[in-house]
There are 2 protein chains.
Amino acid sequence: MAKTTQRASEVPPLPSDLPDLGAIVGYKLRRAQLWVFQDFNETFGRMKLRPAEFSVLALIGRNPGQKQTEVAEQLGIKRANFVALMDGLERRGLAERRKAEGDKRSHSLHLTSEGIAFVNRMMKVWHDHEKRLIDRLGGMAERDLLLDLLDRIVNPPSR
Amino acid sequence: MAKTTQRASEVPPLPSDLPDLGAIVGYKLRRAQLWVFQDFNETFGRMKLRPAEFSVLALIGRNPGQKQTEVAEQLGIKRANFVALMDGLERRGLAERRKAEGDKRSHSLHLTSEGIAFVNRMMKVWHDHEKRLIDRLGGMAERDLLLDLLDRIVNPPSR
DNA sequence: TATTGTTATACTCTATAACTATA
DNA sequence: TATAGTTATAGAGTATAACAATA
């Protein structure tokens, strides 16, 4: 008694409170994030730079000398997966591991001179990308508002 | 403690305009999205439900009868990858493909009776997850604000 | 010819366990 | 014993090409 079609009267009652996906924070967050990463990848495709690599270069550029595991942890990257990422940056001559003084197990991470030049070009390109995003949001005020709201998710205000 | 520091004189001039990663929209967006999906996966782990499956069930629950490729496209899922996802839902008895009338190539997607019951339970669990998120944001007003800002990224207001 | 669903496949990202050399 | 870095590996998620049935 398999039916291939059903009339409305035969259909069991559908859930009444099904929200539009557009009203679900996680869904919109994912769609927006995919859009931003896609724009990022189109913007940085010529420089062969991925989002994770961008974040590593920006972090050790601002705060050089941190240990490899510290950097990975701050970026939410498992230290095992960070190795190949750092290998790539080192192979391209952009960043380097130095033996940390005092602890022979650990490496401290730094930009090379070439890496510093690369990061300067990278930031110029990044400004185009970020401007495109800010324009879509409606302006700097909206960007600041978005940053604040996103921050509350990861670091909720105690109340 | 004797931290491994470097004297400024040894360091080549660093890029001057390197922003904190916390001020980069794409970075915070990614971190926030990862937090939400992690909370989602912890919340729905017992139901063996992934975010993509949630979105499919919610979509065909609200709008049954759409063609398989239409559903996939609305969710930003490649039709080739949608096949296995739909196979899984069908194997679990939650959703089904029906032969579409008129076009023998296409399938129209529907929830089963069991699927409807499942979705009702799913929405109860989802409310917990969403409440946790709204609490972090600070309330419904903040949630609405966030939804609006995220929507501008994907569907920018023409101006 | 074009489209729907499908298969096969490859590539990236992520997660875990286990090894090594130091501590 | 514990930790930093590493290797190996497996699992998701995602992207593309090509095919059969149908339009």
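Below, chain A is the first sequence line, B the second, and so on; all start at residue 1.
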K.L.:
State plainly whether one hydrophobic cluster holds both Leu150(B) and Leu145(A), where clusters connect Ile, Leu, Val, Met, Phe, Trp and Tyr through side-chain heavy atoms under 4.5 angstrom apart.
P.N.:
yes
K.L.:
Could you state the NZ-P distance from Lys48(A) to dT12(C), rounded to the nearest angstrom?
P.N.:
10 Å
K.L.:
Starting at CZ of Arg105(B) and ending at C1' of dA2(C), how long is that distance when rounded to a whole Å?
P.N.:
8 Å
K.L.:
For Asp103(B), check salt bridge (charged side-chain N to carboxylate O under 4.0 Å, His left out) against everything at least two apart and list the hits.
P.N.:
Arg105(B)
K.L.:
Following the transitive rule for hydrophobic clusters with a side-chain heavy-atom cut-off under 4.5 Å over Ile, Leu, Val, Met, Phe, Trp and Tyr, establish whether Leu109(A) and Leu21(B) coincide in one cluster.
P.N.:
yes
K.L.:
Should Asp151(B) and Arg31(A) count as an ion pair when the cut-off is N to O under 4.0 Å?
P.N.:
no
K.L.:
Given the rule in the side-chain hydrogen bond (donor to acceptor under 3.5 Å, both in side chains) test, do Thr43(A) and Arg132(A) qualify, once you have shown the distances and angles that lead to the verdict?
P.N.:
CA-CA 11 Å; Thr43(A) 306; Arg132(A) 202 151 40 240; 2.8 Å; yes
K.L.:
When His129(A) is tested against each of Trp35(A), Phe40(A), Phe37(A), Phe54(A) for ring-ring contact (aromatic ring centres under 6.0 Å, His included), which residue passes?
P.N.:
Phe40(A)
K.L.:
Check the distance between dT4(C)'s C1' and Glu70(B)'s CD and give it to me in whole angstrom.
P.N.:
11 Å
K.L.:
In terms of the nearest nucleotide of DNA chain D, which residue is placed more toward the 5' end: His107(A) or Arg30(A)?
P.N.:
His107(A)
K.L.:
Assuming nearest nucleotide by heavy-atom distance, tell me which of Asp87(A) and Pro51(B) is located more 5' along DNA chain D.
P.N.:
Asp87(A)
K.L.:
Whole-Å distance between dC13(C) C1' and Leu75(A) CG?
P.N.:
15 Å
K.L.:
With Arg92(B), which residues qualify under side chain to side chain contact (heavy atoms under 4.5 Å, CB included), at least two apart?
P.N.:
Lys48(B), Glu53(B), Leu94(B), Phe118(B)
K.L.:
Rounding to a whole Å, what distance do you find between Leu34(A):CG and dT12(C):P?
P.N.:
18 Å
K.L.:
Which nucleotide span of DNA chain D, 5' end to 3' end, has atoms closer than 4.0 Å to non-hydrogen atoms of chain B?
P.N.:
dA12(D) to dA23(D)
K.L.:
Test of understanding: with side chain to side chain contact (heavy atoms under 4.5 Å, CB included), list the residues that count as partners of Thr69(B), not counting sequence neighbours.
P.N.:
Arg79(B)
K.L.:
Whole angstrom is fine here: how far is it from CZ in Arg31(B) over to P in dC13(C)?
P.N.:
16 Å
K.L.:
In the hydrophobic clustering that connects Ile, Leu, Val, Met, Phe, Trp and Tyr at side-chain heavy-atom distances below 4.5 Å, which members other than Met140(B) occupy its cluster, ordered by chain and number?
P.N.:
Ile134(B)
K.L.:
Please give, in whole Å, the distance from dG5(C) C1' to Leu89(B) CG?
P.N.:
16 Å
K.L.:
Whole Å only: how far is the CZ atom of Phe37(B) from the P atom of dT14(C)?
P.N.:
13 Å
K.L.:
Residues from residues 76-85 of chain B sitting under 4.0 Å of DNA chain C, heavy atoms only?
P.N.:
Arg79(B), Ala80(B), Val83(B)
